Novice: 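My questions all concern the structure below.
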Amino acid sequence: MDDGGVAKSRVQYTIDFDRAGRQTGYLRAPLSRNTSGWGIVEIPIVCVRNGAGPTVLFTGGVHGDEYEGPIAISRLARSLDAAALQGRIIMLPAVNIPAVLNDTRLSPVDGRDLNRCFPGDPKGTFSEMLAHFVDAVLLPLVDASIDVHTAGHSMEAALSTNMHHVADPEIRRRTLEAASAFGAPFNVVFWGVDEGATLTSSVERRGILSLGTELGGWGRVNVEGVRIGERGLVNVLKYLGLLEGRPDTSQGDGSPRTRHMMVRCQDCYLFAPAAGLFEPRHLAAETVEEGRLAGFLHFVEDVDRAPIEMRYNRSGVLWMAAGPGRVQRGDVVAVVMNDYDDAKAAT
Ligand SMILES: [Zn+2]
């Protein structure tokens with residue numbers, strides 16, 4: 001544990017990442033609090049290693065109100081047979097454990113979004129310290145990272161993997177291939193709204209293969225999202241050669257494969273122009289058209305005030321549909337995606 005970047009982290013751990021077999025334990029992240037100046041927060045970690053092969057990192061619970069990742073990764077961590085493996089899997093099913101136990105997107109410790117704290121700071125706030133540990137200690141060990149998210153309480157996502165349009169065409173090709181192997185109904189290549197400080201961006205800066213997911217949302221456990229997530233994690237292990245066998249990518253609608261999509265422009269995002277009660281007209285994964293009604297923004301506190309009609313700026317498929325009824329000015333209420341086109345994406 002005493003080598004360069006590792007030593008600088010304040011997070012302690014007992015796992016020996018070089019040891020073969022299955023190890024379980026907890027990261028011990030220091031947190032001074034009223035009940036304990038020397039207190040720690042324990043974060044579950046499982047490492048399974050056997051033979052020679054790549055290292056894969058599975059993370060869930062980066063946001064505490066996203067349930068499918070913690071469920072799928074915990075189940076895999078309990079059931080995986082080390083003898084069947086060629087390589088190493090590092091699993092953190094509930095990275096942001098204070099937020100997971102608080103059922104919130106943001107950490108209750110410092111009010112931060114862990115996924116906006118990368119690459120982190122070992123001497124920063126709790127979330128920044130945690131981000132630094134993942135970036136400086138774990139990522140140097142890793143060949144591929146799958147960060148399992150959903151849309152939490154804020155949106156409802158079409159079941160999908162996602163990736164950035166990374167500049168290196170070879171990494172981009174391999175990531176698209178890994179997404180196809182994961183086998184969600186959709187894979188979304190996107191440019192994002194606020195991406196520089198995400199885990200994904202840290203992974204990409206290190207030239208490591210990075211996939212995210214959006215496997216549900218709306219503040220509940222998505223039945224199909226858990227199924228697609230569990231199958232996808234195993235599929236990726238097969239694709240990378242850690243497990244034997246071929247990925248099963250069959251889709252519920254009879255399609256044999258993932259549909260690759262992209263979110264290229266800012267006008268793919270529809271923002272609420274005022275605080276109000278949003279009545280959506282479509283569900284995630286539905287086809288929508290430019291100029292058609294996306295929903296009504298109601299002001300039920302005002303007698304006789306007409307709702308604002310909100311219309312789509314683009315045609316496509318809904319990647320994200322509105323979650324809660326009550327929205328703030330500037331909240332995203334819809335995200336539209338279009339079929340992926342590498343030539344168009346590069347422009
Ligand atoms: Zn998330």
Side-chain angles (χ1 to χ4, degrees), residues 43-44 57-74 91-120 126-128 130-131 134-135 138-139 145-164 179 182 184-204 210-222 224-226 228-230 232-233 263 269 284 318-324 327 331-335 337:
I43 301 166
L57 174 66
F58 290 155
T59 43
V62 165
H63 295 129
D65 62 342
E66 303 177 4
Y67 314 116
E68 290 78 352
I71 291 170
I73 296 169
S74 293
M91 288 170 273
L92 288 93
V95 184
N96 192 354
I97 195 82
V100 167
L101 297 180
N102 200 47
D103 196 20
T104 52
R105 176 179 178 87
L106 305 185
S107 172
V109 176
D110 56 12
R112 299 288 302 276
D113 178 338
L114 176 58
N115 212 26
R116 300 292 183 275
C117 289
F118 283 85
F126 189 84
S127 298
E128 289 169 343
L130 201 52
V134 173
D135 181 69
L138 294 183
L139 290 188
S145 156
I146 314 289
D147 187 25
V148 184
H149 286 252
T150 77
H153 278 81
S154 63
M155 303 284 283
E156 161 77 348
L159 303 183
S160 49
T161 46
N162 61 70
M163 56 184 275
H164 289 150
F182 188 102
F186 297 99
N187 175 54
V188 185
V189 181
F190 78 119
W191 282 252
V193 174
D194 179 21
E195 294 299 318
T198 61
L199 170 55
T200 299
S201 299
S202 254
V203 175
E204 288 168 356
S210 172
L211 266 187
T213 76
E214 295 292 350
L215 293 174
W218 251 346
R220 50 97 167 91
V221 177
N222 186 300
E224 186 66 359
V226 172
I228 291 288
E230 287 181 352
L233 296 177
V263 176
Y269 298 82
L318 261 192
W319 182 26
M320 301 276 176
V327 296
D331 282 357
V332 176
V333 295
V335 185
M337 56 186 176

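Ligands are counted one by one from 1 in listed order, and the atoms in each one are counted from 1 as well. Just so it is clear, the model here is predicted, and its values are computed rather than measured.
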Novice: Could you tell me the separation between the CG atom of Asn222 and the OG1 atom of Thr150, rounded to the nearest 0.5 Å?
Specialist: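 Rounded to the nearest 0.5 Å, the CG-OG1 separation comes to 8.5 Å.
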Novice: Working to the nearest 0.5 angstrom, can you tell me the gap between Thr161 OG1 and Asp147 CG?
Specialist: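 One finds 12.5 Å between OG1 of Thr161 and CG of Asp147.
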Novice: Taking atom CZ of Phe182 and atom CG of Leu233, what is their separation to the nearest 0.5 Å?
Specialist: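 These two atoms lie 5.0 Å from each other.
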Novice: Could you label the plane-to-plane angle of the His149 and His63 rings as parallel, tilted or perpendicular, counting under 30° as parallel and over 60° as perpendicular?
Specialist: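 If you compare the ring of His149 with that of His63, the planes turn out perpendicular.
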Novice: Pair Asp65, Asp103 - check side chain to side chain contact (heavy atoms under 4.5 Å, CB included), show working.
Specialist: CA-CA 5 Å; Asp65 62 342; Asp103 196 20; 3.8 Å; yes
Novice: Nearest 0.5 angstrom please: Leu57 CG to Ile146 CD1, how far?
Specialist: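 It comes to 9.0 Å.
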Novice: Mind listing the protein N/O/S atoms less than 2.8 Å away from the Zn ion (ligand 1)? Waters don't count.
Specialist: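 Near the Zn ion (ligand 1), below 2.8 Å, one finds His63 ND1, Glu66 OE1, Glu66 OE2, His149 ND1.
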